[in-house]
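Counting starts at 1 for both ligands and their atoms, in listed order. Everything quoted here is computed from the prediction, not taken from an experiment. These values consider heavy atoms only, across backbone and side chains, with no hydrogens, waters or symmetry-generated copies.
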Amino acid sequence: MKKIQLTLIASFILFAVSAQQNNYMSIEAGDSEKEIISKAANIVPTPRQLRWQQLELTAFFHFGVNTFTGNEWGTGKEDPKIFDPTALDARQWVRIAKEAGIKQVILTAKHHDGFCLWPTKTTTHSVAASPWKNGKGDLVKEVSKACKEMNIGFGIYLSPWDMNSPHYGNNEKYNDFFINQLTELLTNYGKVDEVWFDGAKGEGVNQEYYFDKWYQHIRQLQPQAVIAIMGPDVRWVGTETGYGRETEWSVVPVNNLNQTTIAAGSQKDIAFKPQGDMRGDDLGSREKIVNAKGLVWYPAETDVSIRPGWFYHEAEDSKVKSPEKLLDIYFNSVGRNGVLLLNIPPDKRGLIHKSDIAALKQWKQLRDDIFKTNLAKGSMIKSANGVNTEYILDGNNATHFTTKGNDTTSVIELQLKSPALFNVLQLQENIKMGQRIERFELNYWDGMEWKMAANGTTIGYKRLLRFNTITTDRVRLRILSSRLNPYLAELGLFYIKELRLK
Ligand code: FUL
């Protein structure tokens, strides 16, 4: 589905981490290019952003009246009586997600049609008017309970666009109505880890959304929750294909802001207006940031459905993405400094269909097989200007290699224990300290000379690159450009059997 132009991008929490490191920094008129680059290098995630990024894999459950009508977008005029899953089992949904390695799920508590999956007091257009459990059911409760029981994160999708509400079009009334819906969702179901606001908005009715008010309300009720997409903590990657950008900076410019508000709101929750579209190929390169008014940590979420549609349609049972396709998506989302949000839509029974289950199981198996052994483990590491070189192989992404003095480039050479066969490079920066590396390459020794295995630009939380299979016992990583001293957390070499490169 098409997203409308994103008019909002954010209101940000100004969270001071140390004297130098911040979640947001404004750029002053006299700042030199060097000062701006150094500011960018010192911008770091808030604790809630860091937790979210480390999840890597999250899931969407699109479920509602559309599941029963076969539509992707409803009309708001659906009869609640059509909502009648015969064997709904939210624990099955969460278990399937968890078994696939997914760490957090988001339920469409209300999609654009306005039908609420919990017995809300704000409208009668809800599960309470449906035959499901004789109107006594509460799907938000069932999913949140299952998440708690299985120890995975829980999030809610609440569509700002509401085709059913009689208040839609009345600014004051609708915003109050929306705040009341948020209050119910954020106070009756325990911890909520993510609140997802969709950018889709119908045309014809003029309705303003009081985002600042919503954000403050969420911060008050569930301070640990990230607010995504039409929100300040997590940005939409810009497509719904599952493929992120080759060069993905988590630090991006925030233009057109009200500087006075930012300054006044420093250290506390504060809303301010963001800039326009975030869908270009390059959001955060030097060229982009030197003209910014401010810089902020605003990482990318990559959403895609396991099926062609967001909701379940029987006709798509044979169109579930293959395990290989899901693996390619993994490399291009998580492996491109993003978090993958994979939609798994339950069917009319209220269960995840066997085709989706089979694909998810095999996808997990493929990932486990590839990433179980880091072939670089146990290597001897050398770096002329390196500090804490051994940390790149300690399996801990909160410890890092860095360079001496003010060096922004380095060569890290690894002598493997024995010749190995590999075709995947995994790199991670310690993003707790920011995102800095701008260009790198991996070379291998072929017995005579150094040859190129792979190269790339940004790393961020995680970068994965695939290349033609190499056998060697000597590799070197060259960090060719970094905004300040690089903070490289991890390096891994892995092998995919029967790798097919496009
Ligand atoms: C879009 C919506 O219009 C789709 O129905 C779906 O919810 C997707 C995740 O976002 O903007």
Legend entry - Sub-4.0 Å heavy-atom approach of Trp73 to ligand 1: yes

Inset, instruction - Could you tell me which atoms of ligand 1, counted from 1 in the order shown, lie closer than 4.0 angstrom to a heavy atom of Tyr157? - result: 7 (O)

Inset, instruction - Give the numbers and elements of all ligand 1 atoms closer than 4.0 Å to a heavy atom of His111. - result: 4 (C), 5 (O), 6 (C), 7 (O)

Inset, instruction - Indicate whether the side chain of Ser285 and that of Asp282 have a donor and an acceptor atom separated by less than 3.5 Å. - result: yes

Legend entry - Pi-cation contact, Phe331 with Arg336 (under 6.0 Å, within 45°): no

Legend entry - Phe371 and Phe494 aromatic ring geometry - parallel, tilted or perpendicular at 30°/60° bounds: perpendicular

Legend entry - Exercise: do Glu248 and Thr458 side chains pair donor with acceptor under 3.5 Å: no

Inset, instruction - Please could you name the atoms of ligand 1 that Phe60 approaches to less than 4.0 Å, counting only its heavy atoms? - result: 9 (C)

Legend entry - Ligand-residue contact atoms, ligand 1 with Ala200, heavy atoms, under 4.0 Å: 3 (O), 11 (O)

Legend entry - Nitrogen or oxygen of Glu72 less than 3.5 angstrom from that of ligand 1: no

Inset, instruction - Could you list which atoms of ligand 1 come closer than 4.0 Å to a heavy atom of His62? - result: 6 (C), 7 (O), 9 (C)

Legend entry - Distance-only N or O hit between ligand 1 and His112, under 3.5 Å: yes

Legend entry - salt_bridge(Arg307, Asp317) N-O dist < 4.0 Å: yes

Inset, instruction - Tell me, please, whether Trp214 has Arg219 positioned over its six-membered ring: NZ or CZ under 6.0 Å from the ring centre and within 45 degrees of its axis? - result: no

